[in-house]
Protein chains: 2
Amino acid sequence: MLSIGQVAERTGLSVHTLRFYEREGLLLTPVRRGPGGRRVYGEDDLEWLAMCVNLRATGMPLPEIRRYAELVRQGSGTEDERLRLLREHQERVREQIEALGASLERITRKVRAYSGQASCEPGGNGR
Amino acid sequence: MLSIGQVAERTGLSVHTLRFYEREGLLLTPVRRGPGGRRVYGEDDLEWLAMCVNLRATGMPLPEIRRYAELVRQGSGTEDERLRLLREHQERVREQIEALGASLERITRKVRAYSGQASCEPGGNGR
DNA sequence: CTAGGATCTAGAGCCGACTCTAGGTCAACG
DNA sequence: CGTTGACCTAGAGTCGGCTCTAGATCCTAG
């Protein structure tokens, strides 16, 4: 049973962001409240938030995470669609990684041209 | 000798973005103008823009690209710093790729749990 | 008591990177 | 000759994702 501050620490999100995500409907359930109306989080919330952090870290937009949360909330019967959603995202992330790798390589070529004993390439403008 | 529209096509940037980048000081020289004050781009501009696209694609912020452009404009003597800038960026991109890979793996685990003959993991909440 | 610190809500503000609008110029085509 | 269509400028608007503010509540320690 954790306070919002503790959850912030463990997830790496700010308390502001945690409240923001809640408003945005990213959580599976309206967060339970303790005395004085304070939020109380459980292990399950923490796990879910960790998943959200992963999805965000890989560039999934908030509306899509919300969609995923909705599916989970609706319970069994939506597994197929959840799986589809995740797999599509996986694919996008793989493409993202590939694209980054390709750009990185091009940059690396430029770096080599600079550090440049062999500034050989025609078109390798050292400028 | 290309018009802004042609450059947009070849770089994948919009004409709006090309003008925007120019205002932001990302280009090496104020773009030459043809009759009627129209922008005229050469091969060199195209090459530089391609580099900019690479840098952006790997997440370099505009101010840092501007910085790089400044160094290039200042001509020789700044090569060391250019190299440093690029290498730091390279490092960040590598980290970025690694982080993406790690997140992807975590997502993949969740996917496996879903498609899940073996929902074995303690903590693999299928929820 | 009281002062500090964490929390609460509703709502405003910010930042980066575009993206678009309005109003105008110009060349070419039918 | 008039109407497209590509281009021009200055400046406003958008969007996603936070991030912060103000003003209130509550708990704890000194």
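Here is how names work: the chains are called A, B, and so on, in the same order as the sequence lines, proteins then strands, and each is numbered from 1.
- A heavy atom closer than 4.0 Å to some atom of DNA chain C occurs in B/Arg56, B/Pro61, B/Leu62, B/Pro63, these being the qualifying members of residues 56-67 of chain B.
- Neither OP1 nor OP2 of C/dA17 sits under 4.0 Å from any side-chain N or O of B/Tyr21.
- Nearer the 5' end of DNA chain D, as judged by each residue's closest nucleotide, is the contact made by A/Phe20, out of A/Phe20 and A/Pro35.
- No more than 12 heavy-atom neighbours from other residues, nucleotides or ligands sit within 6.0 angstrom of CD on B/Glu43.
- First and last contacts of DNA chain D with chain A, using any nucleotide atom under 4.0 Å from a protein heavy atom and ordered 5' to 3', fall at D/dG17 to D/dC26.
- Atom CD in B/Glu24 sits about 9 Å away from atom P in C/dA17, given to the nearest Å.
- Residues A/Arg92 and A/Glu95 are not paired through a salt bridge, judged by the lack of any N-O separation under 4.0 Å between the basic side chain and the carboxylate.
- The hydrophobic cluster containing A/Val15 does not contain A/Val40, counting ILVMFWY residues as joined when their side-chain heavy atoms lie under 4.5 angstrom apart, directly or transitively.
- Annotation for A/Glu98: atom CD does not count as buried by contact number, only 12 or fewer foreign heavy atoms lying within 6.0 Å.
- Between A/His16 atom NE2 and C/dC14 atom P the separation is 15 Å, expressed in whole Å.
- The only option from A/Leu18, A/Asp44, A/Leu26, A/Asn54 that meets the side chain to side chain contact (heavy atoms under 4.5 Å, CB included) definition with A/Leu49 turns out to be A/Leu18.
- With no hydrogens or angles considered, a side-chain donor-acceptor pair links B/Thr108 and A/Gln90 at under 3.5 Å.
- Ion pairing of A/Glu47 with B/Lys110 is absent here, as no side-chain N (NZ or NE/NH1/NH2) approaches a carboxylate O to less than 4.0 Å.
- Between the side chain of A/Thr78 and the backbone N or O of A/Gly75, at least one donor-acceptor pair lies under 3.5 Å.
- In this structure, A/Leu27 CG and A/Arg73 CZ are separated by 8.0 Å, a value rounded to the nearest 0.5 Å.
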Each nucleotide N or O in nucleotides 7-10 of chain C that has a protein N or O under 3.5 Å away: list the pair and distance.
{"residue": "C/dT7", "atom": "OP1", "partner": "A/Ser3", "partner atom": "OG", "Å": "3.0"}
{"residue": "C/dT7", "atom": "OP1", "partner": "A/Gly5", "partner atom": "N", "Å": "3.0"}
{"residue": "C/dC8", "atom": "OP1", "partner": "A/Arg39", "partner atom": "N", "Å": "2.6"}
{"residue": "C/dC8", "atom": "OP1", "partner": "A/Arg39", "partner atom": "NH1", "Å": "3.0"}
{"residue": "C/dC8", "atom": "OP2", "partner": "A/Arg19", "partner atom": "NH1", "Å": "2.6"}
{"residue": "C/dC8", "atom": "OP2", "partner": "A/Arg39", "partner atom": "NH1", "Å": "3.2"}
{"residue": "C/dC8", "atom": "O5'", "partner": "A/Arg39", "partner atom": "NH1", "Å": "3.4"}
{"residue": "C/dC8", "atom": "O3'", "partner": "A/Arg33", "partner atom": "NH1", "Å": "3.4"}
{"residue": "C/dT9", "atom": "OP1", "partner": "A/Arg33", "partner atom": "NH1", "Å": "3.2"}
{"residue": "C/dT9", "atom": "OP1", "partner": "A/Arg33", "partner atom": "NH2", "Å": "2.9"}
{"residue": "C/dT9", "atom": "OP2", "partner": "A/Arg39", "partner atom": "NH1", "Å": "2.9"}
{"residue": "C/dT9", "atom": "OP2", "partner": "A/Arg39", "partner atom": "NH2", "Å": "2.7"}

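- By the 4.0 Å N-to-carboxylate-O rule, B/Arg109 lies close enough to B/Glu105 to be salt-bridged with it.
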